[in-house]
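Have a look at the structure below before the remarks.
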Number of protein chains: 2
Amino acid sequence: MTIQEIDPRITQTRAKALEAALMLIRDCGIGQVTHQSVSAKSGISRSTLYRHWPEVSDLLNDAFVLVSKPPISEFVSQGSLKADLYHLLSGLVSAIQNTEWGKIVPQLIAAAAVNKGSADLLHEFVQERLEVAEQIILAARRRGEYNSDITPENFLILIIAPVYYRFLLAGFPIDDDWIEGHVNSVSPLFKNRSR
Amino acid sequence: MTIQEIDPRITQTRAKALEAALMLIRDCGIGQVTHQSVSAKSGISRSTLYRHWPEVSDLLNDAFVLVSKPPISEFVSQGSLKADLYHLLSGLVSAIQNTEWGKIVPQLIAAAAVNKGSADLLHEFVQERLEVAEQIILAARRRGEYNSDITPENFLILIIAPVYYRFLLAGFPIDDDWIEGHVNSVSPLFKNRSR
DNA sequence: TCACTATGCAACAGATTGTTCTATAAGTTA
DNA sequence: TAACTTATAGAACAATCTGTTGCATAGTGA
């Protein structure tokens, strides 16, 4: 009952090909991803690519899986709700502006609109992130900092959504000052109870 | 000095081809839009399509222009800020759920990420809509209903962004109850002044 | 060492792409 | 109406791309 060893050649081929695919997705969009273009970019032969991924959609899916499963860091409170929210948004903005994620997510959104597999992947990713971020609100509630009719989920979306809106739709810049102002803007909602 | 008459054959060809292109974008994504597929869907011959749009990107661009220039309705206040915001979101959600716009915008976002022309188009569209919606806030301010440090633009994004987030990223449903709850959630901000 | 198998390469038929030419039909002008 | 101008459809084409296969090679595990 030994553990199944995986041929390192397969691992290498997959890694190289998916990295090339991600570069193509990022720079040219999913429409430019073909067995041929991935072969040219990765050095993997076309026949090998067909053997691993008979359809381009299989390749795209694996590439999206790769980028939508980043490590989720443990929640450590910064001490206050405002500080935690600022920290959350800083991380998000940094991921969007300085990592592959920012370049890939628009393509994943487009893929999700026409492909159920991609949609499931994207929604699962977002759901997972929301659940992690919910710890922020629950911790604040325990400290008595958060006491609102707004559900943690809706409140988090209120915080996070403008970042994506500015980035994906408006093309507005996002800097530390804006993040700080944004957190301050919503802070009156921490304790308001609407009726 | 007569007005230049446009050959109706050209107008027809363009209309038919762009309609077909939009259907392909909506159903299959921009990657599936080719002169051939548009020809098959529209009945326009391939050679004619090449004459009108030498590159696929030209065709895509014209299609996106078509869909991103919808008529902007005059602002008529519903009487209160809450009612105006509810009205604004209802219209947006309806456009997203019941018209082409909802199916096309994910593709336009993806195109914008790799193509400056598409990006300009999208950002201009969003900017224009924000400016129209700003009338809501300005009217509320005149009535004394809105008095906040949050700029009208930032406030509107706070209102609008969660709709797009739920639709594009989370895949969450959006119904009238949610819209109403959302407007109520942010209503404490109408008059709050943060410090 | 030996069996196994993933890879690269060449070759291939079939489809797609981009271009050009010609006949025809539709539009415009007088 | 007749004479013109022009847009389109269709065919044909070389070039490229797609998907598949067979085979030699080289890396892997026992």
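Just so it is clear: chains get the letters A, B, ... in the order the sequence lines come, proteins before strands, and each one is counted from 1.
Of the candidates C/dT16, C/dA6, C/dG27, C/dA6 carries the atom nearest the A/Asp7 side chain, counting heavy atoms from C-beta on. Comparing D/dA9, C/dA26, D/dG29 against the side chain of B/Arg9 picks out C/dA26 as the nearest. Proximity note for B/Arg46 (side chain, C-beta onward) versus C/dT19, D/dG19, C/dA6: the nearest is C/dT19.
Look at A/His52 and you'll find a side-chain N or O under 4.0 angstrom from OP1 or OP2 of C/dT7. Remark: A/Thr48 is in phosphate contact with C/dG8, judged by side-chain N or O atoms under 4.0 Å from OP1 or OP2. Using a 4.0 Å cut-off, no side-chain N or O of A/Tyr50 falls inside it from OP1 or OP2 of D/dT20.
When rounded to the nearest whole Å, the span between CD of B/Gln12 and C1' of D/dA9 equals 15 Å. Across the protein-nucleic acid pair, B/Ile44 atom CD1 and C/dA26 atom P stand 14 Å apart, rounded to whole Å. Between A/Ile6 atom CD1 and C/dA6 atom C1' the separation is 14 Å, expressed in whole Å. Summarising the geometry, the separation between CZ on B/Arg51 and C1' on C/dT22 is reported as 11 Å, rounded to the nearest angstrom. In this structure, B/Leu49 places its CG atom 13 Å from P of C/dT19, rounding to the nearest Å. D/dT8 atom C1' lies 10 Å from atom NZ of B/Lys16, rounded to whole Å. Note: CD (A/Gln32) to P (D/dT16) measures 17 Å, nearest angstrom. To the nearest angstrom, C1' of C/dT17 lies 18 Å from CH2 of B/Trp53.
The 12-atom threshold is not exceeded at CD of A/Gln12, counting heavy atoms of other residues, nucleotides or ligands nearer than 6.0 Å.
Between the side chains of B/Ser77 and B/Arg143, a donor-acceptor pair is found at a separation under 3.5 Å.
Classification of the B/Phe190-B/Tyr146 ring pair by plane angle, with boundaries at 30° and 60°, yields tilted. Ring geometry for B/Trp101 versus B/Phe125: interplanar angle of 30 to 60°, hence tilted.
In the interface, the side chain of A/Thr34 is not paired with the base of D/dC17 through any donor and acceptor atom under 3.5 Å apart. In this model, a side-chain donor or acceptor of B/Ser47 finds a partner on the base of D/dG10 within 3.5 Å.
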Step-by-step salt bridge (Lys or Arg N to Asp or Glu O under 4.0 Å) determination, A/Lys82 to A/Glu180: CA-CA 9 Å; A/Lys82 264 196 191 182; A/Glu180 203 178 326; over 6 Å; no
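Residue B/Pro8 is in sugar-phosphate contact alone, with no base atom involved, counting any heavy-atom pair closer than 4.0 Å across all strands shown.
Along DNA chain D, the nucleotide closest to A/Gln36 and the one closest to B/Thr13 are compared, and the more 5′ of them pairs with B/Thr13.
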